[in-house]
K.L.:
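Encoded as structure tokens, here's the structure I'll be asking about.
Reminder, nothing fancy here: chain letters follow the sequence lines and each chain counts from 1. Just so it is clear, the structure is predicted and the values come from calculations on it, not from any experiment.
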Amino acid sequence: MAKQLTSRKEDYSKWYNELVIKADLAEHSAVRGCMVIKPYGFAIWEKMKAQLDKRFKATGHQNAAFPLLIPKSFFAKEAKHVEGFALESAVVTHYRLKNQGDGNIVVDPDAKLEEELIIRPTSETIIWNTYKNWIQSYRDLPILINQWANVMRWEMRTRLFLRTAEFFWQEGHTAHATKEEAMEEAKLMQKEYADFMEGYIAVPVIRGTKSESERFAGAEETFTCEGLMQDGKALQMGTSHFLGQNFAKAFDVKFQTKEGTLEHVWATSWGVSTRMMGALVMAHSDDEGLILPPKLAPIHVGMVPIYKNEEQLNQIREKFQHIGAQLSNANITFKIDDDDAKRPGFKFAEFELKGIPVRLGLGPRDMENGTIEVARRDTKEKSSQPIENIATHIEGLLKEIQTSIYKKADDFRKANTTTVSSYDELKEVVDQGGFAVANWDGSTETEDKVKEETKATIRCIPNEGGEADGDCLVSGKAGKHKVLYAKAY
RNA sequence: CGGGAUGUAGCUCAGUUCGGUUAGAGUACACGUCUGGGGGGCGUGGGGUCGGAAGUUCAAAUCUUCUCAUCCCGACCA
């Protein structure tokens, strides 16, 4: 069979690309840098969405939808924002095509737009332009809105899920009367993200604050969730920004306080994207294929009948359906693969490639003994279990798998997080992959120097343990924070 | 955007240097058959105009130019 994946050890990057395609998560489209998310991949994304959406609503947010296109002039209003996105903006300049007559369709030069429109790379500007009309008084605040949308950033180098020109995400945009409240909101969303990533994607994340140079364009503070992938590179999985009054000032959004004064509104924005799909793949999977945490797996249990003739198949299928009914009662999803054109070994491999957490094998031998073969994807362990109450066994097993996957990722992260005591050691650690924890003098110069010499960046100042306890390893100056350095995606 | 590589059947690739009958293989697919506890065996069959466009030529997958896309390195990256 030609389905063998390149191993992680041989070429991690190739392994990732092949796995995303072979496991049917996504594929390249005809458009540069834009992917097609296939049904299996989208089903996982939908599970992520459902859980996040629930959390957003539980914390008081509502969904809304804003336009895909943003007038160019809006970007000019916030200086840092435009600087951050100018180089990757897709621009709409015309609104009509015309047939030249010889079958060639051309852009109609007479249909040039008065003002060009930018395909949103993020929606702060159009949203703040809208909020201006919604906010007059302190009674109109806070505004807590989220939108599920696609955005476009014309990236130079793209990779499926990790960095695509078009990607799907959610972006929360909130408006508050006080700085404290906005800050609270930004931190709350970081916590919601981190809890989701750890509890569902089963990837432990470092919660921290970005250094100035890594901050979102237009933010005063960026809170991040940093994950560590199997190749030792860090991945920014989600960010939440305290925007201060920058956008309120840029779009002149003021409100009247209880005391009658006029003040600018305080803002936050926060987002997670389909990039989390990349994290899911890179954090857990192995050379046989995906390993999905049960909480996000579209199919929990794959069932493979083993038979010699139709009579046996019918008996086994009936048994599977019976088990399936019990699983459904426990909200466990399953698939019976009774495709006669494929043999059992093929189906085993296929379920492994797709990362289905539990596989059941049932044949004449089991039928006689009243047992069933249960295989778990993450550890590849197989055991023979009594067929009675198998649903209960599986329910427990799925929980165990969820915990076990997280623990494995957490152990990996711990094993690859090193507190370093010299610049040489820092270089060594980031070079072999992983987080290097070190004191930093707080200067951009130091950060730039490390980046140039090691290709590692400051991933964040961690929320816990971010206090300096010594001098900066690079400059020798007094340490301002204790930070995590790593090479990143 | 700079450097390098690639693009031929659904997929993986040979053929391109030195243009020359109806463009090949493996795999996948369809049908038949024997099978069936880790990616099956045998047989038959369908499928591509060689990423796209223009050019050179009696003749182009093969040469030239342009263009699109993907991968790797670099720069960039909320």
Side-chain angles (χ1 to χ4, degrees), chain A residues 1-6 11-18 21-22 24 27-35 75 78 80-89 104 120-125 151-160 162-165 167 169 171 210 213-219 222-224 235-241 243 269-273 275 288-289 304-310 312-313 316 337-353 359-369 371-373 375 380 382 384 451-452 455 457 488-489:
Chain A
M1 291 296 288
K3 281 221 166 171
Q4 281 286 330
L5 286 168
T6 299
D11 188 339
Y12 190 83
S13 176
K14 198 173 177 191
W15 164 81
Y16 174 82
N17 287 331
E18 284 180 8
I21 289 171
K22 287 185 174 168
D24 250 352
E27 63 186 31
H28 293 285
S29 72
V31 185
R32 196 206 95 105
C34 297
M35 63 180 168
F75 275 88
E78 217 290 335
K80 283 191 176 151
H81 195 64
V82 66
E83 201 180 301
F85 289 104
L87 296 175
E88 49 188 42
S89 293
N104 279 332
R120 62 183 170 209
T122 180
S123 303
E124 275 80 2
T125 56
V151 290
M152 179 159 276
R153 297 179 190 178
W154 210 260
E155 300 287 354
M156 290 297 128
R157 241 174 115 178
T158 60
R159 292 190 74 189
L160 292 171
L162 296 175
R163 179 171 290 111
T164 45
F167 58 90
W169 76 343
E171 45 180 328
K210 284 291 186 188
S213 64
E214 295 278 327
R215 215 174 266 163
F216 175 72
T222 289
F223 302 107
T224 182
L235 181 70
Q236 176 180 308
M237 290 172 64
T239 46
S240 175
H241 317 288
L243 302 175
S269 69
W270 28 275
V272 291
S273 71
R275 175 181 256 201
E288 268 68 54
V304 181
I306 295 142
Y307 56 95
K308 289 198 200 311
N309 54 51
E310 191 138 347
Q312 283 182 353
L313 172 60
I316 293 166
D337 192 350
D338 59 358
D339 182 353
D340 190 46
K342 293 181 172 63
R343 301 169 78 257
F346 183 92
K347 295 174 184 176
F348 294 165
E350 194 67 17
F351 282 152
E352 276 162 13
L353 179 62
R359 188 187 70 235
L360 298 179
L362 187 59
R365 238 158 44 203
D366 295 298
M367 292 290 270
E368 258 177 51
N369 302 334
T371 60
I372 190 161
E373 185 189 78
K380 306 271 284 290
K382 285 194 277 197
S384 192
K451 187 174 179 183
E452 194 170 315
K455 289 179 186 168
T457 48
Y489 276 96

K.L.:
Using the C1' atom in both, what is the distance from B/G15 to B/U49, to the nearest Å?
P.N.:
15 Å

K.L.:
Go ahead and name the base partner of B/U57; Watson-Crick or wobble counts if both distances stay under 3.5 Å, otherwise write none.
P.N.:
none

K.L.:
Which is true for A/Glu214 with a 4.0 Å heavy-atom rule: it touches a base, it touches only sugar-phosphate, or it touches nothing?
P.N.:
sugar-phosphate

K.L.:
Check the distance between B/U35's C1' and A/Asp340's CG and give it to me in whole angstrom.
P.N.:
10 Å

K.L.:
Please determine if a side-chain N or O atom of A/Arg163 lies less than 4.0 Å away from the OP1 or OP2 oxygen of B/C77.
P.N.:
no

K.L.:
Between B/C1 and B/U64, how many Å separate the two C1' atoms, rounded to a whole number?
P.N.:
26 Å

K.L.:
Quick one: A/Met156 CE to B/A69 P, roughly how many Å, whole number?
P.N.:
12 Å

K.L.:
What is the pairing partner of B/G2, taking Watson-Crick or G-U wobble pairs with both distances under 3.5 Å in any strand?
P.N.:
B/C73

K.L.:
Ignoring hydrogens and angles, does a donor from either the side chain of A/Asp366 or the base of B/G37 sit under 3.5 Å from an acceptor on the other?
P.N.:
yes

K.L.:
side-chain hydrogen bond (donor to acceptor under 3.5 Å, both in side chains) for A/Arg32 and A/Thr158? Distances and angles first, verdict last.
P.N.:
CA-CA 9 Å; A/Arg32 196 206 95 105; A/Thr158 60; 5.7 Å; no

K.L.:
What integer number of Å spans the C1' atoms of B/A75 and B/C29?
P.N.:
45 Å

K.L.:
With the side chain of A/Glu155 defined as its heavy atoms from C-beta on, choose the nearest nucleotide among B/C77, B/G38, B/G36.
P.N.:
B/C77

K.L.:
Reckon A/Phe167 touches a base, only the sugar-phosphate, or nothing at all at heavy-atom distances under 4.0 Å?
P.N.:
base

K.L.:
For the side chain of A/Glu350, counting heavy atoms from C-beta on, which of B/C77, B/G39, B/G36 is nearest?
P.N.:
B/G39

K.L.:
How about A/Met237 and A/Val272: do any of their side-chain heavy atoms sit closer than 4.5 Å?
P.N.:
no

K.L.:
Report yes if some heavy atom in the side chain of A/Thr122 is under 4.5 Å from a heavy atom in the side chain of A/His81; otherwise report no.
P.N.:
yes

K.L.:
Taking the side chain as C-beta and beyond, is there a heavy-atom pair between A/Thr6 and A/Asn17 under 4.5 Å?
P.N.:
no

K.L.:
Out of A/Lys210, A/His241, A/Glu214, A/Gln236, which residue meets the side chain to side chain donor-acceptor pair (under 3.5 Å) rule with A/Thr222?
P.N.:
A/His241

K.L.:
Taking atom P of B/G10 as reference, at what distance in whole Å does atom CD1 of A/Ile21 sit?
P.N.:
16 Å

K.L.:
In whole angstroms, how far is the P atom of B/U35 from the CG atom of A/Asp339?
P.N.:
19 Å

K.L.:
With both distances kept under 3.5 Å, what pairs with B/G48, Watson-Crick or G-U wobble?
P.N.:
none

K.L.:
Would you check if A/Tyr307 and A/Asp340 make a side-chain contact, meaning some heavy-atom pair closer than 4.5 Å?
P.N.:
yes

K.L.:
On RNA chain B, does the nearest nucleotide to A/Arg365 precede the nearest nucleotide to A/Pro121 from the 5' side, or the other way round? Give the residue.
P.N.:
A/Arg365

K.L.:
So which protein nitrogen or oxygen atoms get under 3.5 Å of nucleotides 70-73 of chain B's nitrogens or oxygens?
P.N.:
| residue | atom | partner | partner atom | Å |
| --- | --- | --- | --- | --- |
| B/U70 | OP1 | A/Gly33 | N | 2.7 |
| B/U70 | O3' | A/His28 | NE2 | 3.4 |
| B/C72 | OP1 | A/Ser13 | OG | 2.6 |
| B/C73 | OP2 | A/Arg157 | NH2 | 2.4 |

K.L.:
Could you tell me how far B/A9 sits from B/G52 if I compare only their P atoms? Round to whole Å.
P.N.:
10 Å

K.L.:
For B/G32, give the paired nucleotide (Watson-Crick: N1-N3 plus N6-O4 or O6-N4; G-U: N1-O2 and O6-N3; both under 3.5 Å), or none.
P.N.:
B/C42

K.L.:
Heavy atoms only, 4.0 Å cut-off, all strands: where does A/Gly84 land among base, sugar-phosphate and nothing?
P.N.:
nothing

K.L.:
Measure CD1/A/Ile306 against P/B/G36 and give the value in whole Å, please.
P.N.:
12 Å

K.L.:
State, with a plain yes or no, whether a side-chain heavy atom of A/Leu162 is found less than 4.5 Å away from one of A/Leu235.
P.N.:
yes

K.L.:
Nearest-Å distance, CD (A/Glu452) to P (B/G74)?
P.N.:
14 Å

K.L.:
Using atom CZ of A/Phe85 as one end and atom P of B/C76 as the other, report the distance to the nearest whole Å.
P.N.:
17 Å

K.L.:
Given the structure, check if the side chain of A/Lys382 and the base of B/G38 hold any donor-acceptor pair shorter than 3.5 Å.
P.N.:
yes

K.L.:
Quickly work out the A/Leu360 CG to B/G37 C1' distance and round it to whole Å.
P.N.:
14 Å

K.L.:
Do A/Lys347 side-chain atoms and A/Asp337 backbone N/O form a donor-acceptor pair below 3.5 Å?
P.N.:
yes

K.L.:
Need to verify one output field. Residue with the more 5' nearest nucleotide on RNA chain B, A/Leu87 or A/Ala349?
P.N.:
A/Ala349

K.L.:
For a quick check, tell me whether the side chain of A/Arg359 and the base of B/G38 share a donor-acceptor pair closer than 3.5 Å.
P.N.:
yes

K.L.:
With a 3.5 angstrom cut-off on both distances, give the Watson-Crick or G-U wobble partner of B/G7, or none if there isn't one.
P.N.:
B/C68

K.L.:
Between the side chains of A/Glu288 and A/Lys380, is the shortest nitrogen-to-carboxylate-oxygen separation below 4.0 Å, so that they form an ion pair?
P.N.:
yes

K.L.:
Does some side-chain heavy atom of A/Met152 sit less than 4.5 Å from a side-chain heavy atom of A/Glu88?
P.N.:
no

K.L.:
Return the pairing partner of B/C13 with a 3.5 Å limit on both distances, Watson-Crick or G-U wobble; otherwise return none.
P.N.:
B/G24

K.L.:
Using the P atoms only, state how far B/A59 lies from B/U22, rounded to an integer number of Å.
P.N.:
14 Å

K.L.:
Taking the same atom, C1', in B/A25 and in B/A69, what whole-Å distance lies between them?
P.N.:
26 Å

K.L.:
Could you measure between the two C1' atoms, the one in B/C71 and the one in B/A28, and give it in whole Å?
P.N.:
24 Å

K.L.:
Using the C1' atom in both, what is the distance from B/A53 to B/C68, to the nearest Å?
P.N.:
10 Å

K.L.:
For the side chain of A/Lys342, counting heavy atoms from C-beta on, which of B/C29, B/C1, B/G36 is nearest?
P.N.:
B/C29

